[in-house]
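Nothing here was measured: the structure is a model prediction, and the numbers come from that model. Residue numbering restarts at 1 for every chain, and letters A, B, ... go by the order of the sequence lines. Values reported hereafter were calculated over all heavy atoms of this structure, with side chains retained and with hydrogens, waters and symmetry mates removed.
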2 protein chains.
Amino acid sequence: MATKNKKMKMMTLDQMKDKDIGKVGTPERDKYEFDLRMEVLGDMIKSVRKERNLTQEQLGKLIGVQKSQISKLERNTKNVTIETILKVFSALKANVRFSVEMNESEFKVA
Amino acid sequence: MATKNKKMKMMTLDQMKDKDIGKVGTPERDKYEFDLRMEVLGDMIKSVRKERNLTQEQLGKLIGVQKSQISKLERNTKNVTIETILKVFSALKANVRFSVEMNESEFKVA
DNA sequence: AAAAAAGTTGAATTATATGGAAACTTTTAT
DNA sequence: ATAAAAGTTTCCATATAATTCAACTTTTTT
């Protein structure tokens with residue numbers, strides 16, 4: 001509940017999962033980055049939502065959709081648009097950032 | 001899990017833009033993270049593509065779409081799905097990562 | 001164990017992203 | 001200055017993401 005870090009708090013997905021299943025308080029819960037995969041996105045939403053102590057219905061109301069929609073997003077039945085991602089995380093007061101990492105040597109232009 | 005590869009090169013969008021308009025060789029071209037905003041996405045694609053010395057047509061061929069499609073993505077005429085982002089950056093041999101940053105104190109559950 | 005709350009699923013609809021083709025414009029050679 | 005290459009735009013079709021509603025299942029509470 002009450003925060004210690006005044007600034008930002010970030011968490012890994014695993015840590016989030018740990019939280020979901022009970023194991024709270026891992027040490028390196030500081031920052032988290034992961035490859036942008038669709039499969040993992042729903043878990044992120046769910047975890048942040050839980051962190052905010054919201055039900056799917058409440059989150060839905062926050063962004064103006066039914067709880068079923070939230071469920072679908074969390075369960076990742078489909079591909080998702082950036083807009084949707086932003087809408088959801090914005091409602092959760094979470095910043096989404098993304099970065100592109102370019103492996104120079106790996107590309108050969110013939 | 002996935003570990004860092006040896007030689008990654010990352011760059012900021014501003015640096016990419018600098019490159020586009022001529023200013024190459026900025027010092028902190030090392031890593032880059034930015035808020036996931038749609039407006040900026042097209043620039044990312046364009047910049048990485050240029051870094052790879054590809055034309056829109058070549059990139060298009062790489063992922064199996066017309067050059068007009070690439071143009072649209074770069075110009076951000078529409079919202080984009082994750083799948084598309086991945087497809088493009090994967091063709092460019094660039095890793096996309098994304099992170100969620102949660103400001104604890106900012107959320108008040110009533 | 002029953003009731004209530006939370007979450008899931010399926011079917012249907014609407015909105016919009018993806019995509020191609022061709023004409024057009026801008027940029028880059030020659 | 002012209003031609004060629006690269007990029008943009010418009011029109012259009014198709015695929016699929018976003019969404020709702022209602023019934024259903026699972027979880028939580030009492």
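In this structure the side chain of R49(B) reaches within 4.5 angstrom of the side chain of K46(B), judged on heavy atoms. In this structure, the side chains of L62(B) and L54(B) come closer than 4.5 Å at one or more pairs of heavy atoms. Looking only at side-chain heavy atoms (C-beta outward), F89(A) and N95(A) stay at 4.5 Å or farther from each other. You'll find the side chain of E101(A) reaches within 4.5 Å of the side chain of R97(B), heavy atoms only.
Nearest nucleotide to the side chain of Q66(B), out of dG20(C), dG19(C), dG7(D): dG20(C).
Atom CD of Q56(A) is separated from atom NZ of K67(A) by 8.0 Å, given to the nearest 0.5 angstrom. Taking CG of D43(B) as the reference point, atom CD of E74(B) lies at 8.5 Å (rounded to 0.5 Å). Summarising the geometry, atom CG belonging to N79(B) is positioned 4.0 Å from atom OG1 belonging to T81(A); distances are rounded to the nearest 0.5 Å.
Using a 4.0 Å heavy-atom cutoff across all strands shown, G64(A) reaches sugar-phosphate atoms only and no base atom.
N76(B) places its CG atom 16 Å from the C1' atom of dG7(D), with the value rounded to the nearest Å. Taking atom CG of N53(A) as the reference point, atom P of dT28(D) lies 14 Å away to the nearest angstrom. To the nearest angstrom, C1' of dT20(D) lies 13 Å from CD of E57(A). Across the protein-nucleic acid pair, Q56(B) atom CD and dA5(D) atom C1' stand 12 Å apart, rounded to whole Å. Rounded to whole Å, atom C1' of dT20(D) lies 15 Å from atom NZ of K61(A).
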Would you tabulate the nitrogen or oxygen pairs shorter than 3.5 Å linking the protein to nucleotides 9-16 of chain D?
residue: dT9(D); atom: OP1; partner: R75(B); partner atom: NH1; Å: 3.4
residue: dT9(D); atom: OP2; partner: R75(B); partner atom: NH1; Å: 3.0
residue: dT10(D); atom: O4; partner: K72(B); partner atom: NZ; Å: 3.3

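Of the residues near DNA chain D, T81(A) and R49(B), the one whose nearest nucleotide (by heavy atom distance) lies more toward the 5' end is R49(B).
Pairing each heavy atom of A94(A) with each of V48(A), the nearest pair is CB-CG1, 4.3 Å.
Contact between the side-chain N/O atoms of K87(B) and the OP1/OP2 oxygens of dG19(C) is found at a separation under 4.0 Å.
Put simply, the residue from I85(B), T84(B), V88(B) that forms a side chain to side chain contact (heavy atoms under 4.5 Å, CB included) with L41(B) is I85(B).
From one end of the helix from dA1(C)-dT30(D) to dT30(C)-dA1(D) to the other, with five pairs defining each end axis, the axis direction shifts by 60° (rounded to 10°).
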